[in-house]
*Asks:* 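After the structure tokens below, expect a handful of questions from me.
Values in this document were obtained by computation on a predicted structure and should not be read as measured data. As a basis for the values below, the full set of heavy atoms in this structure was taken, side chains included, without hydrogen atoms, waters or symmetry mates. Both counts, for ligands and for their atoms, begin at 1 and track the order of listing.
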Amino acid sequence: MQIDIRPFPLPASPDEPGEAGDALRRSHEFNERSNVLRYTEGVYVNTLVEHLASLRPTHDGRVDRLLAWDGDDLVGVLTMYARLLDSVDVTEVTVEPEPRLPLDAQREVAEALVARAHEEAARDGRTTIVVSAIGAANGPVTARTGFGGADPSEPGTAPLVARGYELEQVYRVSVAELAALPDLHERHAAALARASAYELVRWQGETPAEHRESMRALHERMSIDAPVAGLALEPETWDDERLAAFEQSKQEGGRTLLTVAARERATGELVGFTTLILPTSGATARQHDTLVTTPHRGHGLGMLMKLDNLLRLRELRPDLVRVVTWNAEENRPMLAVNEASGFLPVAYEAQWQWKEPQP
Ligand SMILES: CC(C)(COP(=O)(O)OP(=O)(O)OC[C@H]1O[C@@H](n2cnc3c(N)ncnc32)[C@H](O)[C@@H]1OP(=O)(O)O)[C@@H](O)C(=O)NCCC(=O)NCCS
């Protein structure tokens, strides 16, 4: 195979004719097929408009997507994400050989993509590479957290093992079908009664002015409290510009953010939140962050906010019949809430980390 890996310029619009537009459309088609294999049908669907939006640079990050060609055949994709405000020595990568190729050819493509990722990271001065690859509930290799695993012979994983990457963490991807939760109202009422010291505040889209300062602090807390195992990801600092840019980028291509926060009645303080991303197509909403600050945990607020957002989702967007979420396999508190809310695993994602050896 003659593998030629090259970036493509982003077209100004998804239907732009010519080379850049064609490359984007091939990239999108690849992405959609790969998401079906990874997460099952209909779980992670993006329109071409959303795909283009996801590749545009934002205030806090830059995406480089390189396509691997064998002649006119697209044989693999390398996606590299560079944070710009924190963790600036890290690059986060996915390596996807074309799954219809024979296994040997997939390994060859994956090896070439990983080698290219190392070249690009070195050029960008990034000394830590985190690759997200196919994972498993259990071994053969176990994550350093002790929860979740990966198969070292899987084509996208073999080049990582060969280079001495460590399996730091495994994510569980789970889906809840809203139709399978007929007692949402009853459970919501029970959770409300249990958390009577708190009230709920809800909004759609950008955070209202009166909650922006609190939400910035909660986002900062999220970057510290959500488990990242041994991954070299730093705590984040959120100014208002970052919050605005985050909310804008998550709503690119016509998506909407649906947020509910918990406010302590005695102090008026926001002590937690959960957000769903509502896409423009498909039938699946995406769970984004959920957080309850430490002093307020264990009162069922995590459960209450999630149930509340599921109820609101059902009212506002009945076309979105399920929700998908990503959780660290060692994150028992969050998994406890999700398992009790009907989420069932559909996939696992392994986070492999490589650090440039110190001289
Ligand atoms: C996950 C999280 C939102 C749960 O919030 P919560 O309000 O404590 O949730 P609940 O009270 O509904 O309890 C959920 C589970 O948390 C655990 N828990 C209970 N009390 C706890 C406490 N004082 N401290 C920590 N965890 C506790 C229990 O496992 C509980 O499950 P159980 O009721 O079946 O025993 C919260 O722990 C958190 O913010 N964690 C850090 C951020 C994070 O990891 N977010 C998810 C990223 S995917």
*Asks:* Side chain of Gln204, backbone of Thr256: donor and acceptor closer than 3.5 Å?
*Replies:*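 It does not hold such a pair.
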*Asks:* Counting both backbone and side chain atoms, is some N or O of Gly300 under 3.5 Å from an N or O of ligand 1?
*Replies:*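 Indeed, backbone or side chain, Gly300 has an N or O that close.
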*Asks:* Strictly less than 4.0 Å: does any protein heavy-atom distance to atom 17 (C) of ligand 1 fall in that range?
*Replies:*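 Yes, there is one.
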*Asks:* Are any of the N or O atoms of Gly298 closer than 3.5 Å to those of ligand 1?
*Replies:*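 Min N/O separation from ligand 1 is below 3.5 Å for Gly298.
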*Asks:* Evaluate whether atom CD of Glu177 has more than 12 neighbouring non-hydrogen atoms of other residues, nucleotides or ligands under 6.0 angstrom away.
*Replies:*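 Yes, CD of Glu177 has more than 12 neighbouring heavy atoms, counting only those of other groups under 6.0 Å.
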*Asks:* So which atom in Met222 and which in Thr290 form the shortest heavy-atom distance, rounded to 0.1 Å?
*Replies:*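 Looking at all heavy atoms of both residues, the shortest contact is SD-O, 3.5 Å.
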*Asks:* Please identify which atoms of ligand 1 are closer than 4.0 Å to at least one heavy atom of Leu291.
*Replies:*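 Listed by number with element: 39 (O), 42 (C).
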*Asks:* Please indicate whether any nitrogen or oxygen in Arg332 is less than 3.5 Å from any nitrogen or oxygen in ligand 1.
*Replies:*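 No, Arg332 has no N/O under 3.5 Å of an N/O on ligand 1.
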*Asks:* For the pair His28 and Asn46, evaluate side chain to side chain donor-acceptor pair (under 3.5 Å) and give the outcome as yes or no after the intermediate values.
*Replies:* CA-CA 8 Å; His28 175 245; Asn46 288 288; over 6 Å; no
*Asks:* Could you state the interatomic distance from CZ (Arg312) to CG (Leu276), rounded to the nearest 0.5 Å?
*Replies:*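 That separation rounds to 8.5 Å.
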*Asks:* Does the protein put a heavy atom under 4.0 Å from atom 33 (O) of ligand 1?
*Replies:*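 So far as the 4.0 Å threshold goes, atom 33 (O) of ligand 1 is out of reach of every protein heavy atom.
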*Asks:* Using a 4.0 Å cutoff against the non-hydrogen atoms of His299, which atoms of ligand 1 qualify?
*Replies:*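 Under 4.0 Å from His299, ligand 1 has these atoms: 11 (O).
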*Asks:* What do you think, any protein heavy atom under 4.0 angstrom from atom 44 (O) of ligand 1?
*Replies:*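 Yes, because at least one protein heavy atom sits under 4.0 Å from atom 44 (O) of ligand 1.
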*Asks:* Evaluate the criterion side chain to side chain donor-acceptor pair (under 3.5 Å) for residue pair Glu329 and Thr145; output intermediate values, then yes/no.
*Replies:* CA-CA 9 Å; Glu329 186 62 9; Thr145 56; over 6 Å; no
*Asks:* Would you check the N or O atoms of Ala336, main chain and side chain alike, for any that come under 3.5 Å of an N or O of ligand 1?
*Replies:*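 Between Ala336 and ligand 1 (N or O atoms, distance only) the closest approach is not under 3.5 Å.
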*Asks:* Using a plain distance cutoff, I'd like to know if Met222 has any nitrogen or oxygen under 3.5 Å from a nitrogen or oxygen of ligand 1.
*Replies:*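 Between Met222 and ligand 1 (N or O atoms, distance only) the closest approach is not under 3.5 Å.
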*Asks:* Check whether any N or O atom of Arg194, backbone or side chain, sits under 3.5 Å from an N or O atom of ligand 1, and answer yes or no.
*Replies:*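 No.
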*Asks:* Ignoring hydrogens, tell whether any protein atom lies closer than 4.0 Å to atom 41 (C) of ligand 1; use the non-hydrogen atoms only.
*Replies:*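 It does: a protein heavy atom is found less than 4.0 Å away from atom 41 (C) of ligand 1.
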*Asks:* Report, in ascending order of atom number, the atoms of ligand 1 lying under 4.0 Å from any heavy atom of Asn327.
*Replies:*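 Atoms satisfying the 4.0 Å criterion: 48 (S).
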*Asks:* Check whether any side-chain heavy atom of Arg65 sits under 4.5 Å from a side-chain heavy atom of Ser27, and report yes or no.
*Replies:*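 Contact flag for Arg65/Ser27 side chains = yes.
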*Asks:* Looking only at N/O atoms, are Pro227 and ligand 1 under 3.5 Å apart anywhere?
*Replies:*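 For ligand 1, there is no N or O atom that lies under 3.5 Å from one belonging to Pro227.
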*Asks:* If you count the non-hydrogen atoms of other residues, nucleotides and ligands that lie under 6.0 Å from CD in Gln2, is the total more than 12?
*Replies:*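 12 or below, so no.
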*Asks:* Trp326 heavy atoms, cut-off 4.0 Å: which ligand 1 atoms fall inside?
*Replies:*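 So the atoms of ligand 1 that pass are 48 (S).
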*Asks:* Counting only heavy atoms not in Glu41, do more than 12 sit closer than 6.0 Å to its CD atom?
*Replies:*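 Check fails, neighbour count at 12 or below.
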*Asks:* Going by a strict under-4.0 Å cutoff (protein heavy atoms only), does atom 8 (O) of ligand 1 have a neighbour on the protein?
*Replies:*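 For atom 8 (O) of ligand 1 the answer is yes, since some protein heavy atom falls inside 4.0 Å.
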*Asks:* Begin from the C-alpha positions of Gln287 and Thr274 and carry the test side chain to side chain donor-acceptor pair (under 3.5 Å) through to its verdict.
*Replies:* CA-CA 8 Å; Gln287 178 66 52; Thr274 188; 2.8 Å; yes
*Asks:* I'd like to know if atom 27 (C) of ligand 1 has any protein heavy atom within a distance of less than 4.0 Å.
*Replies:*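 Neighbour list for atom 27 (C) of ligand 1 is empty of protein heavy atoms (cut-off 4.0 Å).
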